[in-house]
Amino acid sequence: MKQKTYFMIGFLALCFLFSGCKSQTVRSQATEEEGGERTKAFFVGDLALPTDLGNIEVMSVSLATNLAGTGSDPPESSWRTMLLREMASQNVESPNKILASTSTSLVITKGELVPGVQKGDRFDIEVTLPSDSETSSLRGGFVLQSPMREMYVMDRIREGDKKATCAGPILVEPKTGTQRDKVTQRRGKILGGGVSQIARPIGLRIVSQAAKPDPYQTMRIESAVNRRFVITTASGYKEKVAKAKDDKYLQLRVPPKYKNHLVRYLEVVRCVPLVETESQRLERLATLQLRLLDSTTAKRAALELEAIGHPAVETLKSGLTSPDVSVRFYAAEALAYLDESESAQVLGEMARTEHAFRGSALLALCALDDLYAYEELRNLMNAPTAETRYGAFWALRKMRPEDPLVKGEMLGDGTFYLCTIPTEGKPMLHVRKTERAEIVLFGAGQSFKAPLVIEGANSIVVRSQNDQEMSISRFVPNRPDQRRVVSMKVEEVIRALSDVGATYPDVIEVLQAAIEQNALETNFRIDALPAARREKLKDKSEESPPEETDSPTGKG
């Protein structure tokens, strides 16, 4: 695990290093054009590389319950010993009897705490079984809350400090009736089931090649970064983001505006000048304007202008009317992170039409967070492409999580969300299998068609009564039978499923089964989020990628 983390840090550091080398060439050329000389270390990135960028893997041994006779009594092992110890700490009565039940199973849960994670942030959990487990399926299971720690395998399994907790329903792939089921039914995920108990700062590490390190370098970098970035608290107090810890390392906090785009924050930090007089800055602004309007240097120029801050706004605005798509995008992206509303229209255009810039444009609109950005995102939910529609929904929820339009209705005892978006586009149904358990209906009034019969997990049966009504039933031994009769509308069926105790994985299984039976005509999509960075502009003559085309059959 440590080797994996070190590899990630080294790889990212090399990426930034090569980026810095390339930018150094550009800066050298710019200096010659300006007819002046600067010190070799002009930008923060000339002296420091980002660090603490590896994910921290956390694990726990947990108890999965609610299994339909597919569980097993775990054999004697260090995993069983750890689980019994945890159950004893929670004063669980008759723990061995509970473990012996076929409705329970010992499971191993794993997750990763990403750089910059804050206390209370949620993350996905991977659920697996020990190799010697006799449990045949985790379908319908629910993992009880358990602490998560870093674990080290030495002479025995050693545990670190508690860093997170996990709990929630297990999402397992639907059965296919093939040999593959033996593998897929023994593993699953809990979407957003992990909760971080720590905050992870990121950092900058000095990479000076000088024989004698300068003890004041980190202080100079600290001063430069804090001149550019501050965090404003709810009470209006301004806090610094950088703090020198020693002569080789600085700790960085992430401003809220960059929370969803950590890579960009680090790029901009590395473009912050260490020392620059007013006359030097004016001179550089003139040069950067020329570089911004050149598509080959626009990206780096926009980053340097964003690093200057608000004095660079007018220079960046000159790129908004460029005939070059990339120049317009890079200028608008930087302006969004500087809270300039004029960027919203260009970013909306890019999200709608440019496959290469779509993900970054949506992130920038999310960071802008004003009325103009809100309207652009709202309109983008009518776009023809699936990833644009859901990407706009995702960005709007990140921007304003309490907005009634995107907040959604909490169902399943608070385990998943249902949200209906009135749109002008074709009907679409989107579900997540990462990050957050949610079902989003784009277009109200979507309905199932008869005939439909589904026997789902957790003893749930969904059956069409006629062309107008659907019956949802659940039969659990030693409990009263539950039954609901509702209309064929998807919203009502999902609510009824929740009422009888269906979990998020149960609901997804019903939706997928209905689509397979051609009883639900909609564009069904899973995790249709555009990537934040794409390598090149899409050739207009090329066909749209598979994830962009709407599916007439309703299958994702």
Side-chain angles (χ1 to χ4, degrees), residues 109 111-112 114 117 121-127 138-139 141-143 166-174 184 187-195 260 358-359 362-363 366 377 380-381 385-401 403 405-421 423 427-443 446 457 490-491 493-495 497-498 502-515 520 522-532 546-548 551 554-556:
T109 53
E112 291 187 330
V114 299
V117 70
D121 284 356
R122 289 188 168 272
F123 57 97
D124 290 347
I125 297 297
E126 175 188 350
V127 184
L138 294 174
R139 189 167 176 243
F142 189 99
V143 172
C166 69
I170 306 172
L171 178 62
V172 176
E173 289 186 24
T184 60
R187 67 189 183 199
K189 292 177 70 175
I190 308 174
L191 305 190
V195 181
N260 298 312
R358 182 168 296 144
L362 290 170
L363 284 171
C366 176
L377 290 173
L380 286 170
M381 286 192 275
T385 56
E387 68 171 22
T388 304
R389 298 175 79 180
Y390 181 73
F393 170 88
W394 178 91
L396 195 52
R397 184 171 56 76
K398 290 290 185 179
M399 178 198 291
R400 300 182 183 179
D403 189 292
L405 180 66
V406 294
K407 183 178 180 179
E409 175 184 357
M410 187 177 287
L411 299 175
D413 292 328
T415 58
F416 71 96
Y417 291 85
L418 171 65
C419 189
T420 302
I421 305 294
T423 63
M428 186 175 92
L429 191 159
H430 188 279
V431 301
R432 293 298 302 271
K433 289 192 175 180
T434 57
E435 189 182 277
R436 177 173 120 136
E438 69 178 16
I439 300 167
V440 184
L441 296 169
F442 290 87
Q446 296 187 46
V490 175
E491 289 179 76
V493 172
I494 291 174
R495 291 191 185 96
L497 284 166
S498 175
T503 64
Y504 180 67
D506 299 335
V507 176
I508 289 183
E509 187 170 324
V510 168
L511 294 172
Q512 290 180 310
I515 289 170
L520 178 58
T522 187
N523 183 21
F524 181 73
R525 294 287 172 169
I526 300 171
D527 292 329
L529 269 177
E547 72 270 20
E548 289 196 83
S551 169
K555 295 182 181 181

To the nearest 0.5 Å, how far apart are [atom1] in [X] and [atom2] in [Y]?
| X | Y | atom1 | atom2 | value |
| --- | --- | --- | --- | --- |
| M410 | L418 | CE | CG | 12.0 Å |
| L411 | T503 | CG | OG1 | 12.0 Å |
| I170 | I190 | CD1 | CD1 | 6.0 Å |
| T423 | L380 | OG1 | CG | 12.5 Å |

Do [X] and [Y] come close enough that some side-chain heavy atom pair is under 4.5 Å?
| X | Y | result |
| --- | --- | --- |
| F524 | V431 | yes |
| R389 | H430 | no |
| E409 | E491 | no |
| L511 | I439 | yes |
| L497 | D506 | no |
| L377 | L362 | yes |
| V507 | V510 | no |
| I526 | Q512 | yes |

Closest heavy-atom contact between [X] and [Y]?
| X | Y | answer |
| --- | --- | --- |
| F416 | S498 | CZ-CB, 4.3 Å |
| G194 | I125 | N-CG1, 3.4 Å |
| K398 | C366 | CB-SG, 3.6 Å |
| G391 | P530 | CA-CD, 4.1 Å |
| L191 | R436 | CD1-O, 4.0 Å |

Next item on the list: Can you label the angle between the F442 ring and the F393 ring as parallel, tilted or perpendicular, going by 30° and 60°?
Entry: perpendicular
Notebook entry, point to check: Under the side-chain contact (heavy atoms from CB on, under 4.5 Å) criterion, do T388 and R358 qualify, and how do the steps go?
Noted result: CA-CA 7 Å; T388 304; R358 182 168 296 144; 2.9 Å; yes
Side-chain donor/acceptor of [X] to backbone N/O of [Y], under 3.5 Å:
| X | Y | value |
| --- | --- | --- |
| E435 | D124 | no |
| K189 | K433 | yes |
| N523 | P427 | no |

Next item on the list: Please assess L520 against L429 for the test side-chain contact (heavy atoms from CB on, under 4.5 Å), listing each intermediate value before the final yes or no.
Entry: CA-CA 10 Å; L520 178 58; L429 191 159; 4.0 Å; yes
Checklist line | Step-by-step side-chain contact (heavy atoms from CB on, under 4.5 Å) determination, L396 to L405 | finding: CA-CA 9 Å; L396 195 52; L405 180 66; 4.0 Å; yes
Notebook entry, point to check: Side chains of R432 and Y504: do they bring a donor and an acceptor to under 3.5 Å?
Noted result: no
Notebook entry, point to check: Would L171 and V127 count as a side-chain contact (heavy atoms from CB on, under 4.5 Å) if you check the C-alpha gap in whole Å, the side-chain angles of each, and the deciding distance to 0.1 Å?
Noted result: CA-CA 9 Å; L171 178 62; V127 184; over 6 Å; no
Note to self: Using the salt bridge (Lys or Arg N to Asp or Glu O under 4.0 Å) criterion, which residues pair with E173? Sequence neighbours excluded.
What the structure shows: R180
